[in-house]
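To keep things clear, I will list the structure first and then write my remarks on it.
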Amino acid sequence: MRRPLLHRCWPELAESLPYLGLGEAPTPVRPLAGLGCRGTVWVKDESGYGHGGWGGNKVRKLEWLLPEARRRGARTVLTVGGIGTNWGLAAALYARELGLDVALGLIDHPVDEHVRAQLRRLRASGATLHFLHTRTRLVLAAPWLFARHTRGLTPPYYLPAGGSSALGTLGYVECALELAAQVADGLLPEPGWIVTAVGSGGTAAGLALGLRLAGLRTRVLGVVVNDTLRLDGATLTRLAGRSLALLRERGAEVTGGGPGASDVAVEYGWLGAGYAYPTVEGAVARTRAGAEAGLELEQTYTAKAFAALLELDTAGRFEGEPVVFLNTFGPR
Ligand SMILES: *Cc1c(COP(=O)(O)O)cnc(C)c1O
């Protein structure tokens with residue numbers, strides 16, 4: 001089986017931090033021509049990552065989370081999300097391969113065709129779905145959910161929304177190490193920035209930590225698309241710090257500290273009315289990405305992040321430096 005870069009860099013993690021490869025690495029990088037941007041825009045395309053019925057950025061988190069669930073002897077993974085959750089779907093599809101059950105606590109958000117299709121996939125995934133509608137009801141139902149999904153004396157392995165625990169975040173540390181190797185191989189120049197949507201924070205935090213560990217000076221620009229969680233720069237660097245602490249707890253001799261405030265910029269101007277509400281800027285960016293760059297985006301995450309990239313490029317924010325857009329969306 002493929003060894004992750006984290007195990008190659010810190011062989012002492014091989015036993016203590018189990019890994020299960022679920023996709024083919026490295027994911028491709030390519031320049032996005034035709035958008036008329038000031039600097040060069042590249043895409044690192046995570047859409048094809050994963051072998052099951054769903055791809056995208058949640059798969060890399062599950063590569064660390066699912067073996068940990070098994071290591072703990074859990075039979076069920078309990079997690080939460082919106083009714084169109086890409087995370088819950090990926091968790092359900094990949095957990096089943098390991099013989100783990102998945103239970104999902106779901107809360108409401110605007111419904112469109114994509115969400116309806118997603119709900120059909122969730123229903124077919126074999127996960128147990130609990131429709132709790134609001135965050136308050138979800139929190140109140142938590143003790144019952146834990147009891148309901150305890151098998152024998154073993155409680156379910158709980159994962160936060162989006163899989164953004166300290167462990168799940170390692171998926172994007174791995175991705176950043178991969179990007180650094182692609183830079184070293186001359187496939188792209190060292191980027192000034194990598195732009196990603198921020199839904200639960202693990203992707204941005206993991207990238208920031210991985211870039212720091214790899215010694216790149218690339219900064220992360222996170223475009224916040226979720227107003228139901230606290231997602232500011234301090235939250236992201238704290239999560240990165242927790243992932244770094246976890247690497248050390250598991251025995252990695254990592255020198256240096258985690259990312260600081262200057263390594264991560266957070267943008268709030270592209271959220272619109274809230275999580276999963278479409279925006280006009282997003283719709284325009286989505287059309288342009290498809291027509292001019294052959295990139296398929298969706299409205300909740302990637303369209304908003306790409307809209308931010310286009311507008312910030314026009315405003316000169318990237319100072320002509322190469323920018324990488326992380327394509328996190330993986331429909332199948
Ligand atoms: C979950 C998700 C994100 C956000 O990633 P986080 O690690 O939760 O911040 C971005 N894009 C897509 C398509 C997603 O499903």
Side-chain angles (χ1 to χ4, degrees), residues 27 43-50 54-65 79-94 104 109 112 114-115 117-118 121-122 159-176 194-210 220-233 235-240 242-243 264 266-268 270-271 275-276 278 282 285-286 289 295-309 324-332:
T27 54
V43 61
K44 182 158 174 66
D45 198 347
E46 300 285 282
S47 63
Y49 198 78
W54 192 257
N57 72 331
K58 302 309 182 306
V59 182
R60 286 193 191 261
K61 301 177 179 183
L62 292 164
E63 293 183 326
W64 302 95
L65 295 168
T79 189
V80 295
I83 48 175
T85 177
N86 296 329
W87 156 244
L89 181 64
L93 294 175
Y94 291 94
L104 297 173
H109 58 68
D112 63 1
H114 169 71
V115 172
Q118 199 70 350
R121 294 187 194 104
L122 280 169
L159 297 174
S164 290
S165 62
L167 183 64
T169 295
L170 295 182
Y172 275 83
V173 174
E174 178 73 16
C175 179
I194 183 162
V195 177
T196 185
V198 176
S200 62
T203 302
L207 287 174
L209 174 56
V220 175
L221 193 138
V223 182
V224 173
V225 302
N226 186 358
D227 54 345
T228 69
L229 295 174
R230 181 169 163 188
L231 293 164
D232 52 22
T235 313
L236 297 178
T237 51
R238 212 176 309 125
L239 176 55
R242 282 172 45 219
S243 294
V264 183
V266 182
E267 292 289 334
Y268 300 93
W270 282 269
L271 173 70
Y275 178 65
R286 193 175 171 191
L295 198 59
E296 187 192 344
L297 307 180
E298 45 59 67
Q299 68 183 23
T300 300
Y301 299 94
T302 44
K304 289 178 180 178
F306 202 67
L309 183 155
V324 171
F325 177 70
L326 189 76
N327 184 21
T328 46
F329 178 49
R332 288 293 159 84

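Note: hydrogens, waters and symmetry copies are ignored here, and every other heavy atom, side chains too, is used. Ligands are counted one by one from 1 in listed order, and the atoms in each one are counted from 1 as well. Since this is a predicted model, take the numbers as computed values, not measurements.
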To the nearest 0.5 angstrom, please state how far the NZ atom of Lys44 sits from the CD1 atom of Ile194.
8.0 Å

Going by side-chain hydrogen bond (donor to acceptor under 3.5 Å, both in side chains), name the residues that satisfy it together with Glu174, two or more places apart in sequence or in a different chain.
none

Kindly say whether Leu159 contributes a backbone atom to a donor-acceptor pair with the side chain of Thr79 at under 3.5 angstrom?
yes

Would you say the side-chain atoms of Lys58 pair up with the backbone N or O of Asn86, donor to acceptor, closer than 3.5 Å?
no

Exactly which residues line ligand 1, taking a heavy atom under 4.0 Å from it as the test?
Asn57, Lys58, Lys61, Asn86, Ser164, Ala197, Val198, Gly199, Ser200, Gly201, Gly202, Thr203, Tyr301, Thr328, Phe329

Partners passing ring-ring contact (aromatic ring centres under 6.0 Å, His included) against Tyr172 (at least two apart in sequence or in another chain):
none

Results of salt bridge (Lys or Arg N to Asp or Glu O under 4.0 Å) for Glu298 - residues two or more places apart only:
none

